[in-house]
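Read the numbers this way: they start at 1 and go in the same order the structure lists the ligands and their atoms. Numbers for residues simply follow the sequence, beginning at 1.
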Amino acid sequence: MVIIASNFKTNHTRASTKEFISFVNEYLNNEKDVEVMVFPTATSLDNYKINSNLTIGAQNAYCVNSGSFTGEIGTQQLDEFGIKTILIGHSERRHILGESQEEIAKKYAFYKELGYKIVYCIGEPLEVKEQGLEATLEYIYEQFVGIDTTYADLVLAYEPVWAIGTGVTATNEDIKSVHSAIKSKINKPLLYGGSVKVDNVAQICSLDGVDGALIGTASWVKEDFVQILKNIKGL
Ligand code: PEP
């Protein structure tokens, strides 16, 4: 089954998130062949009424139940809304918020232990991509250090940093070569992310080794997101 995930990043209010979720849930009522995840901001997590293949996840949380970690949320806050899905290792957290591989691995182990579905992101920056496939894969494999890739509820997302939010989608050849290399080592669903758009989502999701897409910018307008879901129908 194709997996499509929407990462809101720092976008949408509580009101617009609610509208988005109810719009997507309604569309998915009659669509059973796609698994959809939406990652709103922490302030927009709530007890949404969902009766479809739609799951709400957290973009981030600290590896703690509760405590003194100013600015962070833990499982006490996630439990309030029944959140059991989390995004870990997103490049914006690695590169802008400065999360190290060690911190990411600690977070991964914590949420794995609690049985969360984990969407784990990996991907290389432009200067690494420019060094070729071997360097790219070497960089990506470093992002698996400390990560149990045999974990049952793991979904991977290959997101080249240079393609995220830039409008520059990786070429089919780039995607296929990285995905097949990762797939040969790790037998888990593998999404592609990085400037996936309404018009290219179907073609990307039909590539060998691509099990779906993690989408930022193009997913934020609810009608566009539903169009994305319509475009991958039947794959
Ligand atoms: C992302 O944030 O995971 C992402 C892929 O963003 P965009 O679709 O905007 O490139």
For [atom], what's the nearest protein heavy-atom neighbour? Residue, atom name and distance, please.
atom                   : value
atom 1 (C) of ligand 1 : H90 NE2, 3.2 Å
atom 3 (O) of ligand 1 : E159 OE2, 2.7 Å
atom 4 (C) of ligand 1 : G216 N, 3.6 Å
atom 6 (O) of ligand 1 : K9 NZ, 3.2 Å

In plain terms, say whether D33 and K233 are close enough for a salt bridge, that is, a side-chain N and a carboxylate O under 4.0 Å apart. no
Ligand 1 contacted by A157 (non-hydrogen, < 4.0 Å): no
Looking at side-chain heavy atoms only, is the closest gap between T13 and S44 below 4.5 Å? no
If you count the atoms of ligand 1 from 1 in the order shown, which ones are under 4.0 Å from a heavy atom of [X]?
X    : answer
G165 : 7 (P), 9 (O), 10 (O)
S195 : 7 (P), 8 (O), 10 (O)
G194 : 5 (C), 10 (O)
T217 : 7 (P), 8 (O), 9 (O)

Tell me if the CG atom of N51 is crowded by more than 12 foreign heavy atoms within 6.0 Å. yes
Take S22 and N25, measure what side chain to side chain donor-acceptor pair (under 3.5 Å) needs, and give me the verdict at the end. CA-CA 5 Å; S22 103; N25 179 56; over 6 Å; no
Got an N/O contact under 3.5 Å between G193 and ligand 1? no
Verify whether one side chain among S219 and S6 offers a donor that lies under 3.5 Å from an acceptor in the other. yes
Please work out whether any backbone atom (N, CA, C, O) or any side-chain heavy atom from C-beta onward of N7 is under 4.0 Å from ligand 1, and answer side chain, backbone, both or neither. side chain
Under 4.0 Å between heavy atoms, the region of A163 that gets near ligand 1 turns out to be backbone
Could you tell me whether a side-chain N or O of E142 sits under 3.5 Å from a main-chain N or O of Y139, the two making a donor and an acceptor? no
Does any pair with a residue in residues 25-63 pass ring-ring contact (aromatic ring centres under 6.0 Å, His included), and if so which ones, sequence neighbours excluded? Y62-F69
With sequence neighbours excluded, residues passing ring-ring contact (aromatic ring centres under 6.0 Å, His included) with F20: F8, H12, F225
